[in-house]
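Just so you know, residue 1 is the first one in the sequence shown, and it goes up from there.
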Amino acid sequence: MSNPQQLRYSKEHEWLSDAEDGVATVGITEFAANALGDVVYAQLPDVGSTVTAGETCGELESTKSVSDLYAPVTGEVTEINEDVVSDPSLVNSAPFEGGWLFKVRVAEEPEDLLTADEYAAFSAG
């Protein structure tokens, strides 16, 4: 499994793109998507709501379990991926492309986000 080098990763298995005009994209990693199994429901944060780094901001339900979704940064949600709400399986089939979850205007970024190589080592155990 290859984690895109341009992204940063949380220890809760979310990824974060570089911010464009202060807005970054958030999703879950391929590792997390595989661990969850087939995602059948996505509850994402509301547009306009504030998320806080490290805190729960939604959940993903799969055929195996329900998993909390954690915000990798603090900020205001500017957009959610309606395609994932309609077809949650995108989280499994394209976790780094069409399966992104939401966009956030970044107010504060924690210092413990990982590079792709650091995340690969972390998720390998």
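Legend: residues meeting salt bridge (Lys or Arg N to Asp or Glu O under 4.0 Å) with D18, ordered by chain and number and at least two apart, are R8.
Contact record, W100 with E79: CH2-OE2, 3.6 Å, taken as the closest heavy-atom pair. The two residues D117 and Q5 have their closest heavy-atom pair at OD1-NE2, 3.4 Å. Between S49 and P45, the shortest heavy-atom contact is OG-CB, 3.8 Å. Closest heavy-atom contact between L16 and L113: CD2-CD1, 3.7 Å. P88 and A42 get closest at one heavy-atom pair: CG-N, 4.2 Å.
S62 OG to Y41 OH: the interatomic distance, rounded to the nearest 0.5 Å, is 14.0 Å. Here CZ of F122 is found 8.0 Å from CZ of F31. Values are rounded to the nearest 0.5 Å. With values rounded to the nearest 0.5 angstrom, T50 atom OG1 is found 12.0 Å from R105 atom CZ. Of the inter-residue distances, the one linking E59 atom CD with S65 atom OG reads 10.5 Å to the nearest 0.5 angstrom. We find the NZ-CG distance between K64 and L36 to be 8.0 Å, quoted to the nearest 0.5 Å. For the atom pair CD of E55 and OG1 of T74, the computed distance is 7.5 Å after rounding to the nearest 0.5 Å.
No continuous path of ILVMFWY side-chain contacts below 4.5 Å connects L90 to V66, so the two sit in separate hydrophobic clusters. Both V77 and V85 belong to a single network of hydrophobic side chains, linked directly or stepwise wherever heavy atoms of I, L, V, M, F, W or Y lie under 4.5 Å apart. Under the 4.5 Å side-chain heavy-atom criterion for Ile, Leu, Val, Met, Phe, Trp and Tyr, V106 and V51 are members of the same hydrophobic cluster.
Here the side chains of S17 and F96 are not in contact, with every heavy-atom distance at 4.5 Å or above.
With a 6.0 Å radius and a threshold of 12 heavy atoms from other residues, nucleotides or ligands, Q6 has its CD atom above the threshold.
Here the two rings, on Y70 and H13, have centers that are 6.0 Å apart or farther.
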Do L60 and I28 pass the side chain to side chain contact (heavy atoms under 4.5 Å, CB included) test, and can you show the C-alpha distance, the side-chain angles, and the key distance before you say yes or no? CA-CA 10 Å; L60 297 174; I28 67 164; 3.6 Å; yes
Residue pair L101, N81: steps toward the side chain to side chain contact (heavy atoms under 4.5 Å, CB included) verdict: CA-CA 5 Å; L101 300 175; N81 188 345; 5.8 Å; no
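With hydrogens and angles ignored, the 3.5 Å screen pairs no side-chain donor or acceptor of D68 with any backbone N or O of C57.
Side-chain atoms of S89 and D87 include a donor-acceptor pair closer than 3.5 Å. In this structure, a donor-acceptor pair under 3.5 Å is present between the side chains of T29 and Y119.
A side-chain contact (heavy atoms from CB on, under 4.5 Å) with W15 holds for exactly one of L7, L114, V26; it is L7.
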